[in-house]
Amino acid sequence: MNDLPGPVVEPPVAVTPERKTRDQLRSWRWFGTGDTRGFSHRSRMQQVGIRREEVMGRPIIAVVNTWSEISTCHRHLRERADSVKRGILGAGGFPIELPAMSLGEVMVKPTTMFYRNFLAMECEELLRSHPVDGAVLMGGCDKTTPGLLLGAISMDIPAIYVPAGPQLNGHFQGVKVGVGTHTRKYYDELRSGLITEQQWIDLEAAMCRSHGTCNTMGTASTMTSIAEVLGFCLPGSTSIPADDAAHPRMAADAGERLVSMVWEDLKPSRLLTAQSFSNAASTYMALGGSTNCAVHLIAMARRAGVALTLDQLDARAREIGVLVNLMPSGDYLMEDFHYAGGLPALLRRIEAHLDLTALTVTGRTLGENIAHARVAPGSEDIIRALDNPISDRGALAVLYGNLAPDGAVIKPAAAEPALMRHTGPAVVFEDMRDMMKRIDDPALVVDARSVLVLKNAGPLGGPGFPEWGNLPIPKKLLAQGVRDMVRISDARMSGTHYGTCVLHVAPEAFIGGPLALVRDGDLIELDVQARLLELKVDAAELALRRADWRAPQPRFERGYGQMFSAHVTQAPLGCDFDFLEKPGTLAEPDIY
Ligand code: FES
């Protein structure tokens, strides 16, 4: 009974609130026994001032934190972990912070994608090897969300995701600037003499003005939104700006809620179903999300034992236009999206395409979580209605043809409409170094009709599947006013970028995919409506070229790189390691 004025806010209630007993807690195996091992475990906790009753029979919660000083999107997560712990302690749990690999997108080379599976393995094994009953996962930069979730899915103990939150809007000379999106735009303007060196330097200081992840609908915000719609986040948490006071409150709520989830045994396998991945696919398209999402979502689905394919994503893109008017496809930024109602408001817009019975971390269904969500008055241009998309060309198109027998992707909503059907001669770069050396060479034979081709930038060739797919426009064409061209590669592209870039060509060139056979001057046909990517060279000539092709030297001879090369799958399968793909089974360590 609520006798205060104002709306009644009901606490989360589990759909099946069966409580574990304390000796069913995983941590009880470490701390609950009277033998020498139990003695040692408790004694070691007492060594650091923790009383035995704090760890005996209370849920021990891992706070898996991807904080580091150089992971700038996560730099506030060290402090935010204290809010999470406050929530855990208040609910009767006991927090243990476990640092995990911090994958700051901009700083980590060759690419954070090279380490996504490393983080997934680390997360899974951190949870498996320690006396923990559940996990609060703290990340947000592009690969930390899928990395942590992949690990949690395979470990399958109760887990909740705390997104780092986006940066505040950037402003530069009266223009709202989005991270990544405007970097490339102004760089092209610098190279074509439209802005000065000093303006370029001033932009550097204006672009990123607070903690948090990129403020566009890039990969980070796409993936945290996906985490939320899959049921891993508290409703509406994804878009809370990192420096908003609501963010630490959300973090405390998440810690508090996770303790209840442990007692309810509400674990990822109860959240993840074919329906929840279908919801994620619908949301991806309405967001106008990053092409990287296709790779991560397929990887997560396969871990969860759900068959999700590129073709299914393509079909969903044909049904749902882009409704979120955020850069790089649109005009606004994540802060605007938050004030417009955030993800819950978007989900209300597309509820006809959702299974609202999907279970979430609140213990309620997705439909219950969003029942009261609305687009804020005056924000209809930011979160559009289904019949008024910002683009009906789609967030994703999957292309096939003799150049991409296993598929390639493009984001039509962020590409030039006039190039959706285009045939032009190839200008081929054998790898990134070749491209960097020649792209601005005045002698390069290229015009606006040309199709720029980059080889050897895929999962094995990059190595690590770097975001090199948005090849720069040659300087001499910029000077002619050209701002977009058809570009084709086996690389990925930053979710913050835009352009007519065909990406993820599979099989990749490094393993002898047809992309390896393209030569300067070959005609290439792109027809997005027909989902076609065709190399206009006859089969006999291609057979001759194939006979001449020699596999490049392996990229690695030892270490993690060698393991990566031996086991990473191609883009259409999610680039997971083949030995990690199976749905998780909880292989508990012996306690001795
Ligand atoms: Fe971290 Fe964009 S660089 S989210």
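Ligands are counted one by one from 1 in listed order, and the atoms in each one are counted from 1 as well.
Between Asp434 and Lys437 no salt bridge is recorded (no basic side-chain N to carboxylate O distance below 4.0 Å). Salt-bridge formation is detected for the pair Asp576/Arg303: a Lys NZ or Arg NE/NH1/NH2 atom is positioned less than 4.0 Å from an Asp or Glu carboxylate oxygen. Ion pair Asp336/Lys176 flagged as a salt bridge, since at least one NZ, NE, NH1 or NH2 atom sits closer than 4.0 Å to an Asp/Glu carboxylate oxygen. Under 4.0 Å is where a charged nitrogen must lie from a carboxylate oxygen, and between Glu380 and Arg384 no such pair does.
For a distance bound of 2.8 Å, the N, O or S atoms of Cys141 include none lying that close to atom 2 (Fe) of ligand 1. The nearest N, O or S atom of Cys73 is closer to atom 1 (Fe) of ligand 1 than 2.8 Å.
Interface atoms of ligand 1 facing Glu105, defined by a heavy-atom separation under 4.0 Å, are 3 (S). Proximity to Asp142 (heavy-atom distance under 4.0 Å) selects the following atoms of ligand 1: 2 (Fe), 4 (S). Close approach of ligand 1 to Ala220 is summarised as follows: ligand atoms under 4.0 Å from at least one heavy atom of the residue are 4 (S). Proximity to Val106 (heavy-atom distance under 4.0 Å) selects the following atoms of ligand 1: 3 (S).
No close placement of the Phe564 and Phe556 rings is indicated, their centers lying 6.0 Å or farther apart.
Listed for the Ser71 side chain is no donor-acceptor partner under 3.5 Å among the backbone atoms of Ser68.
Closest heavy-atom approach to atom 2 (Fe) of ligand 1 within the set Ser494, Cys214, Gly218, Pro166: this belongs to Cys214.
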